[in-house]
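Computed from a predicted model, the values in this text were never measured in an experiment. The figures that follow rest on heavy atoms only: side chains count, while hydrogens, waters and symmetry mates do not. Order of the sequence lines fixes the chain letters, A, B, ..., with proteins taken first and strands second; residue numbering starts at 1 for each chain.
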Amino acid sequence: MKAKVYVKLKPGVLDPQGKAIQHSVELLGFNGIADVRQGKYFEIALDNSVDEQAARDSVARMAREVLSNPIIEDYRVEIEV
Amino acid sequence: MKFGVIVFPGSNCDHDAYHVISKHVGQPVDFIWHRDTNLNGYDAVIIPGGFSYGDYLRAGALARFSPVMNSVKAFAASGRFVLGICNGFQILCEAGLLPGALIRNRDLHFICEHIFVRTETSDTPFTNELKKGSVLQLPIAHAEGNYVCDDETLAELRVEDRIVFRYCDEQGKVTDAANPNGSRDNIAGICSRGRNVLGLMPHPERACEDLLGSSDGRDLFRSLAATLAAAA
């Protein structure tokens, strides 16, 4: 079983890295880009003996307490069986 | 009075803090390894600058889980003094001892230069020897010093007089041009509701000798020493 955790900045939190990436991509010749936001992605391999709901709960707790800072970031958890 | 300087893997201003306490404050000071949990006998602890855990994940995020941090929380809850400088400020925010967060600087650069901050309140154990409005020249050295918080937190910080330092120009004017990193409301340092925990991005411990370009940082340590002497 694999857990995927996506962490992204909350809307409204300034993302200077996203802005710099957008600028570079535009220099490369891509047009029509309204915005770029940079986030983080985690893959967590889980023991197959773990129950899917239990895995979802514990990964959500990891995401909330470690992988993201709830003041500035939101997270989303996906479980791949 | 006894001071402790907490050392995480990656701390690099621990010796500066130690030097200032022993030489300029003239008081006993110990290094406290992050795996130690006994803070008995200390009156104040300093969480120094550096790159604890290599800034992995987010600056200060992993240091929060070091064994010593539970003791620091209890230490702060008991009303004793905690000073977090630069990475120490980031750690205090991640640990929930101070509100808000420090994100990437507005212009993305690591900034290493002398800046000015205005003392916004003298009603803290760290600034009681300073006049409100006095301007200090201090160095900054960070890539993640951009203070963010929500509207509610900012209002609370203002009403409770917990914004301790704001970036300003040499004359003490708080302007956007004098804001090096994009911090909300030019915030450079804040204190806890109990006023015994201070976090700030500038480095007062690197500004205690004229040879280093400024000795304005000594006022913070003089204030803290005066507070502790009065309490003894």
Quiz item: Do other residues, nucleotides or ligands put more than 12 heavy atoms under 6.0 Å from the CZ atom of B:Arg35?
Solution: no
Quiz item: Could you give all pairs that pass the ring-ring contact (aromatic ring centres under 6.0 Å, His included) test and reach residues 33-67 of chain A, with sequence neighbours left out?
Solution: A:Tyr6-A:Tyr41
Quiz prompt | B:Tyr56 atom OH, over 12 foreign heavy atoms within 6.0 Å | solution = no
Quiz item: Looking only at heavy atoms, which of residues 10-35 of chain A get nearer than 4.5 Å to chain B?
Solution: A:Val13, A:Leu14, A:Pro16, A:Gln17, A:Ala20
Exercise. Sort B:Ile103 into side chain, backbone, both or neither according to what part of it lies under 4.5 angstrom from a heavy atom of chain A.
Key: side chain
Self-check item: A:Arg61 atom CZ, over 12 foreign heavy atoms within 6.0 Å
Solution: no
Quiz item: Is the count of non-hydrogen atoms from other residues, nucleotides or ligands lying under 6.0 Å from B:Gln171 atom CD greater than 12?
Solution: yes
Quiz item: Is it the backbone or the side chain of A:Glu73 that comes under 4.5 Å from a heavy atom of chain B, or both, or neither?
Solution: side chain
Quiz item: Which heavy-atom pair separates A:Asn69 from B:Glu94 by the least distance, and what is that distance?
Solution: ND2-OE2, 3.2 Å
Self-check item: Closest-packed option against chain B by number of heavy-atom pairs under 4.5 Å, given A:Val66, A:Ile71, A:Ile72, A:Val7
Solution: A:Val66
Quiz item: Within a strict 4.5 Å, meaning less than it, do heavy atoms of the B:Arg58 and A:Lys40 side chains meet?
Solution: yes
Self-check item: Per-residue contact mode, B:Asn105 against chain A (heavy atom under 4.5 angstrom)
Solution: backbone
